[in-house]
Number of protein chains: 2
Amino acid sequence: MPGMEHGEPLDRVARIQAEWRRERPDLDIAPQGVIGRLHRLADRLGEELRLVYDRYGLGEGEFDVLCALRRAGEPYERAPGELAAHTMVTTGAMTKRIDRLERAGLVTRRRSADDQRGRIVALTGPGRELIDRAFTDHMRNERRLLDLLTPAEAESLETLLTAWLSRVERPRVPDGG
Amino acid sequence: MPGMEHGEPLDRVARIQAEWRRERPDLDIAPQGVIGRLHRLADRLGEELRLVYDRYGLGEGEFDVLCALRRAGEPYERAPGELAAHTMVTTGAMTKRIDRLERAGLVTRRRSADDQRGRIVALTGPGRELIDRAFTDHMRNERRLLDLLTPAEAESLETLLTAWLSRVERPRVPDGG
DNA sequence: TTATATTGTCTTCCATGGAAGCTAATATGC
DNA sequence: GCATATTAGCTTCCATGGAAGACAATATAA
């Protein structure tokens, strides 16, 4: 079993696997070693990342919306539907995120000139300033977490994650695909 | 950049990174290549796993609780506090999960004999039967997802995730630490 | 023993997001 | 042009979980 050398204490996932082996010896529970740890790690990293969002009074969702607006470039505007697509939530959820950000004075909402149905969400000055500081801090935080790996480990991991992700997102890729 | 060879289309994370490089050339956004993809992959895998839970009428939380009870071994009993600790939620959330499972006839709740404050949650026959079928199916599903990687890739990934997880986990000892 | 602290569970209130439907504006077909 | 369909955003209702406190039972200290 990888990563279990020199009698290191079993981690949570390994302990769960041991229990399943005892209770369900008929099953192959090896996949948990990868998938369980991936989820656990994502949770732990998420906790660490949230510490920075909190520091700026932002929830994860609000942080994501501000990032999407900032990434859009001058003049930092996007339609709610675009923001929803970029941040992978429903438009209903986006409405609420924008409500909160608007209330906090970080974005404005106005009608689109071309299409009166559409809205345009724009970063305000304070919004721009806040997300620039927060994102700088966020990247420092991600760097700190990534530096728990050696550069070689990080590169290996990125390659593996990129490959798996592309295969999960496009499951039907046969040899000629 | 790992995983980007022969002109493959950029994935979502790579596109986000490209935007940040344009807007914030002062920042090192490399960590997103790993952390962003790890989260995206965890989300995508989670969606796939939820398909199985749904098939058995279970939410992710309920599935986790039934698993924790099943792993306990005969007679498949645990206190709510233990279940909360095992599944990493608050006791308040656990109360509600147990409420739902009890309503569905999958677990029972009784007072502990030793300590009248404590309760004992136990799998019912139907609960045991359901989780045995659901977990078998779940493992088949995880195997299908893991098999998008070669055995060598899977082993490499498990090693890297285990190492990173162990380094990021902070000791959870409540006092004295 | 009696007063106080702690523990285990539950309750209340709130935050967030999804699903589905509503409304107004725009596009399309006749 | 008018009727209908589609679209964009929003609203409503519900599901889930956290935080903090209530409550009863138990442990501890004086």
Side-chain angles (χ1 to χ4, degrees), chain A residues 39 42-44 46-47 49-51 53-54 56-66 68-69 77-104 107-122, chain B residues 39 42-44 46-47 49-51 53-54 56-66 68-69 77-104 107-122 172 174-176:
Chain A
H39 279 108
D43 285 351
R44 282 293 296 117
E47 280 173 36
L49 299 184
R50 243 168 278 126
L51 297 177
Y53 310 148
D54 285 351
Y56 294 88
L58 296 170
E60 193 167 351
E62 286 123 38
F63 181 85
D64 280 354
V65 172
L66 294 180
L69 286 168
E77 295 183 344
R78 259 176 181 159
E82 286 174 344
L83 292 170
H86 276 82
T87 64
M88 328 242 322
V89 293
T90 61
T91 62
M94 186 50 57
T95 296
K96 294 176 221 172
R97 288 181 176 184
I98 297 168
D99 287 346
R100 296 194 292 270
L101 289 168
E102 194 178 30
R103 225 177 299 128
V107 307
T108 57
R109 191 154 33 181
R110 65 174 197 274
R111 302 196 94 90
S112 162
D114 327 326
D115 183 338
Q116 289 294 116
R117 284 171 306 186
R119 305 296 162 95
I120 296 173
V121 180
Chain B
H39 278 108
D43 285 352
R44 280 294 295 116
E47 282 174 34
L49 299 185
R50 243 167 279 125
L51 296 176
Y53 309 149
D54 285 352
Y56 293 89
L58 296 171
E60 194 167 352
E62 286 123 40
F63 181 84
D64 280 354
V65 173
L66 293 180
L69 285 168
E77 294 182 344
R78 261 177 179 157
E82 287 175 343
L83 291 170
H86 276 82
T87 63
M88 329 241 324
V89 293
T90 61
T91 62
M94 187 51 57
T95 296
K96 295 176 219 171
R97 288 180 175 185
I98 297 167
D99 287 346
R100 296 194 293 271
L101 289 167
E102 193 177 30
R103 224 177 300 127
V107 307
T108 57
R109 191 154 33 182
R110 66 173 196 275
R111 302 195 95 90
S112 161
D114 326 327
D115 183 337
Q116 289 294 114
R117 285 170 305 188
R119 304 297 160 95
I120 296 171
V121 180
R172 291 261 162 199
D175 68 326

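A, B, ... follow the sequence lines: proteins, then strands. Residue 1 opens every chain.
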Discussion item. From CE of B/M94 over to P of D/dG18, roughly how many Å is that when rounded to an integer?
Written reply: 9 Å

Worksheet item: Closest approach of B/A122 and B/R110, non-hydrogen atoms and distance?
Response: CB-NH1, 4.3 Å

Worksheet item: With nearest nucleotides of DNA chain C determined for A/A113 and A/M88 from heavy-atom distances, which residue corresponds to the more 5′ nucleotide?
Response: A/M88

Worksheet item: Does A/R78 use its side chain to pair, donor to acceptor, with the backbone of A/L69 at less than 3.5 Å?
Response: no

Fill in: Spacing between A/E60 atom CD and C/dT16 atom C1', to the nearest angstrom
11 Å

Worksheet item: If you find the nucleotide of DNA chain C closest to B/P80 and the one closest to A/E62, which residue's nucleotide is nearer the 5' end?
Response: B/P80

Worksheet, complete the sentence: Ranking C/dT9, D/dG9, C/dA25 by distance to the side chain of B/T95, first place goes to C/dT9

Worksheet item: Between atom CG in A/L83 and atom C1' in C/dG17, what is the gap in whole Å?
Response: 16 Å

Practice prompt. Could you please spell out the steps behind the salt bridge (Lys or Arg N to Asp or Glu O under 4.0 Å) verdict for A/R44 and A/E47?
Written response: CA-CA 5 Å; A/R44 282 293 296 117; A/E47 280 173 36; 2.8 Å; yes

Response to the item:
Assign each of A/R117 and A/A93 the nucleotide of DNA chain D bearing its closest heavy atom; nearer the 5' end lies the nucleotide of A/R117

Discussion item. Using the rule salt bridge (charged side-chain N to carboxylate O under 4.0 Å, His left out), only one of A/R111, A/R117, A/R119 pairs with A/D115; which is it?
Written reply: A/R117

Item to complete: Test for a donor-acceptor pair under 3.5 Å between the base of D/dG18 and the side chain of B/K96, counting only N and O atoms.
Response: yes

Discussion item. With a cut-off of less than 4.0 Å, is there a side-chain N or O of A/R97 near OP1 or OP2 of C/dG17?
Written reply: yes

Discussion item. Within the 4.0 Å heavy-atom criterion, would you say A/R109 contacts the bases, only the backbone, or no part of the nucleic acid?
Written reply: sugar-phosphate

Worksheet item: Closer to the 5' end of DNA chain D via nearest nucleotide, is it B/T91 or A/A79?
Response: A/A79

Worksheet item: Between atom CZ in B/F63 and atom P in D/dT16, what is the gap in whole Å?
Response: 16 Å

Worksheet item: Does C/dC10 have OP1 or OP2 sitting under 4.0 Å from an N or O in the side chain of B/R119?
Response: yes

Worksheet item: With sugar-phosphate meaning primed atoms plus P, OP1 and OP2, does A/D99 contact a base, only sugar-phosphate, or nothing at under 4.0 Å between heavy atoms?
Response: nothing

Worksheet item: What is the distance, rounded to the nearest whole Å, between atom CZ of A/R103 and atom C1' of C/dA15?
Response: 11 Å

Practice prompt. Locate the shortest heavy-atom distance separating B/S112 from B/I120; write the atom from each residue and the value.
Written response: CA-CD1, 3.9 Å

Item to complete: Starting from C1' on C/dT26, measure out to CZ on A/R111 and report it in whole angstrom.
Response: 13 Å

Practice prompt. Indicate, with a heavy-atom threshold strictly under 4.0 Å, whether A/G92 touches base, sugar-phosphate, or nothing.
Written response: base

Response to the item:
note: A/I98, atom CD1; D/dC10, atom P; distance rounded to Å ~ 6 Å

Item to complete: Respond yes when some side-chain nitrogen or oxygen of A/R100 is under 4.0 Å from OP1 or OP2 of C/dG17, and no when none is.
Response: yes

Worksheet item: Rounded to whole angstroms, how far apart are CZ on A/R110 and P on D/dA8?
Response: 18 Å

